[in-house]
Amino acid sequence: MNAASKSPRAQTTVEYMVILAIVLVIGLVVIGLAMFFSQSSGDVTQSETNAYWATQVRPLRIIDMQGYYYGTGTGEIALMLENVDSKPITVRGFVTEPGVGGENYAVCSTHSCQGGSNIGTSGLGASNGLSVKLSPGQKMAFYLQPTTACSNSGLGEASTTRFRKYLTIYYDTPSFTGLSFKGVKQIAGVCNPA
């Protein structure tokens with residue numbers, strides 16, 4: 001009798017332990033999947049951003065974008081633009097948002113404006129501060145230097161590791177002037193590419 005009375009109690013304990021183990025395994029699987037998807041969502045977003053600007057935007061598309069932080073408190077965003085239209089386009093300016101008030105910033109044709117490559121200004125107060133003509137199919141790099149991108153200025157969303165900005169491109173065609181295009185997706189990337 002004594003053995004019979006211990007058997008149901010032992011069986012209940014074993015069942016309880018099995019149920020607890022199953023719940024624990026399911027919990028670990030759920031946590032693992034949540035961590036996997038949260039870590040890879042940034043990569044998916046970056047891939048979607050790159051694909052949007054490289055394929056869905058016309059007449060000027062961005063085929064590459066990089067950020068640079070100089071370690072001196074400032075940095076820049078490099079955009080490789082391509083004219084995908086059948087006629088020449090004159091780039092007049094860029095506005096990155098969010099920004100700082102009516103900030104204007106330098107735009108250069110080379111990395112860190114080396115060799116006096118400043119080609120004009122852009123920003124909320126200078127959307128017509130450039131005059132760079134791109135022929136059909138032509139590609140050109142533009143280096144934008146807003147104070148809140150790839151910097152430690154402490155202003156707005158400044159970051160030394162990543163940039164994320166809405167971008168409006170102002171341009172003229174032979175037929176129309178004062179045109180602009182604001183992207184639905186932000187430009188984004190790391191500030192010091194490996």
Side-chain angles (χ1 to χ4, degrees), residues 31-57 60-82 91-130 132 134 139-171 180-194:
I31 290 171
L33 287 173
M35 288 177 62
F36 171 76
F37 286 115
S38 68
Q39 288 175 353
S40 65
S41 67
D43 296 334
V44 171
T45 302
Q46 186 65 46
S47 297
E48 289 173 355
T49 297
N50 293 345
Y52 168 76
W53 282 100
T55 61
Q56 297 180 25
V57 176
L60 294 165
R61 66 180 175 189
I62 299 173
I63 55 176
D64 195 15
M65 60 185 91
Q66 295 289 333
Y68 298 94
Y69 172 63
Y70 301 131
T72 58
T74 62
E76 67 188 1
I77 300 171
L79 304 174
M80 179 63 74
L81 258 65
E82 179 182 14
V91 178
R92 302 307 257 161
F94 303 93
V95 172
T96 56
E97 299 174 87
V100 177
E103 174 192 29
N104 296 336
Y105 47 85
V107 178
C108 302
S109 60
T110 62
H111 183 57
S112 68
C113 289
Q114 294 174 346
S117 64
N118 187 324
I119 55 175
T121 58
S122 279
L124 290 170
S127 59
N128 201 22
L130 301 174
V132 179
L134 296 178
K139 300 173 189 173
M140 182 175 171
F142 292 85
Y143 294 84
L144 287 59
Q145 298 183 332
T147 58
T148 59
C150 294
S151 78
N152 63 359
S153 67
L155 302 171
E157 297 179 359
S159 169
T160 59
T161 57
R162 297 193 60 78
F163 67 92
R164 182 171 299 281
K165 300 274 186 197
Y166 284 102
L167 177 71
T168 304
I169 304 171
Y170 293 86
Y171 63 96
S180 66
F181 174 80
K182 183 175 183 176
V184 174
K185 292 188 181 286
Q186 296 175 317
I187 57 171
V190 294
C191 288
N192 286 317

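Only a predicted model underlies this, so the values are computations on that prediction, with no experimental measurement involved. Along the sequence shown, the residues carry numbers beginning at 1.
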Please name the residue in the list Ile169, Leu144, Leu60 that meets the side-chain contact (heavy atoms from CB on, under 4.5 Å) test with Leu79. Leu144
Exam field: side chain Tyr166 to backbone Val184, donor-acceptor pair closer than 3.5 Å: no
In Å, rounded to the nearest 0.5 Å, how long is the span from OG1 of Thr160 to CG of Asn152? 6.5 Å
Lys165-Thr148 side chain donor-acceptor pair, cut-off 3.5 Å: yes
Would you mind reporting whether Asn50 and Met65 have side-chain heavy atoms less than 4.5 Å apart? yes
Tell me yes or no: between the side chains of Glu76 and Tyr69, is some donor less than 3.5 Å from an acceptor? no
Do Arg164 and Arg162 touch side chain to side chain, with heavy atoms closer than 4.5 Å? yes
Could you please spell out the steps behind the side-chain contact (heavy atoms from CB on, under 4.5 Å) verdict for Ser180 and Tyr171? CA-CA 6 Å; Ser180 66; Tyr171 63 96; 5.6 Å; no
Minimal heavy-atom distance between Ser109 and Met140, with the atoms involved, is CB-CE, 3.9 Å
Please give me the minimum heavy-atom distance between Asn118 and Ala106, naming the atom from each residue. ND2-CB, 3.6 Å
Aromatic ring pairing Tyr68/Tyr143, orientation class (parallel under 30°, perpendicular over 60°, tilted between): tilted
Derivation and outcome, side-chain contact (heavy atoms from CB on, under 4.5 Å), residues Leu124 and Glu103: CA-CA 6 Å; Leu124 290 170; Glu103 174 192 29; over 6 Å; no
Only residue of Asn104, Val91, Thr96, Leu130 satisfying side-chain contact (heavy atoms from CB on, under 4.5 Å) with Ser122 is Leu130
What do you reckon, are the aromatic ring centroids of Phe94 and Tyr170 less than 6.0 Å apart? no
With a 3.5 Å distance limit and no angle check, can you tell me whether Arg61 reaches the backbone of Ala54 through a side-chain donor-acceptor pair? yes
Drop me the distance from Ile62's CD1 to Glu82's CD, to the nearest 0.5 angstrom. 11.5 Å
Any chance you could lay out the side-chain contact (heavy atoms from CB on, under 4.5 Å) test for Val95 and Lys182, step after step, and finish with the verdict? CA-CA 9 Å; Val95 172; Lys182 183 175 183 176; over 6 Å; no
What one should report as the nearest heavy-atom pair of Tyr105 and Gln145 is CB-O, 3.3 Å
Closest non-hydrogen atoms of Cys150 and Phe163, given as atom of the first, atom of the second and distance, are SG-CD2, 4.0 Å
Would you indicate whether the side-chain heavy atoms of Trp53 and Ile63 approach each other to under 4.5 Å? no
Looking only at heavy atoms, the pair that brings Thr49 and Gln186 closest together is CG2-O, 2.8 Å
If you look at every heavy atom in Ser151 and Gly75, which pair is closest and at what distance? CB-N, 4.4 Å
Note, Thr168 side chain near Phe181 side chain (heavy atom, < 4.5 Å): no
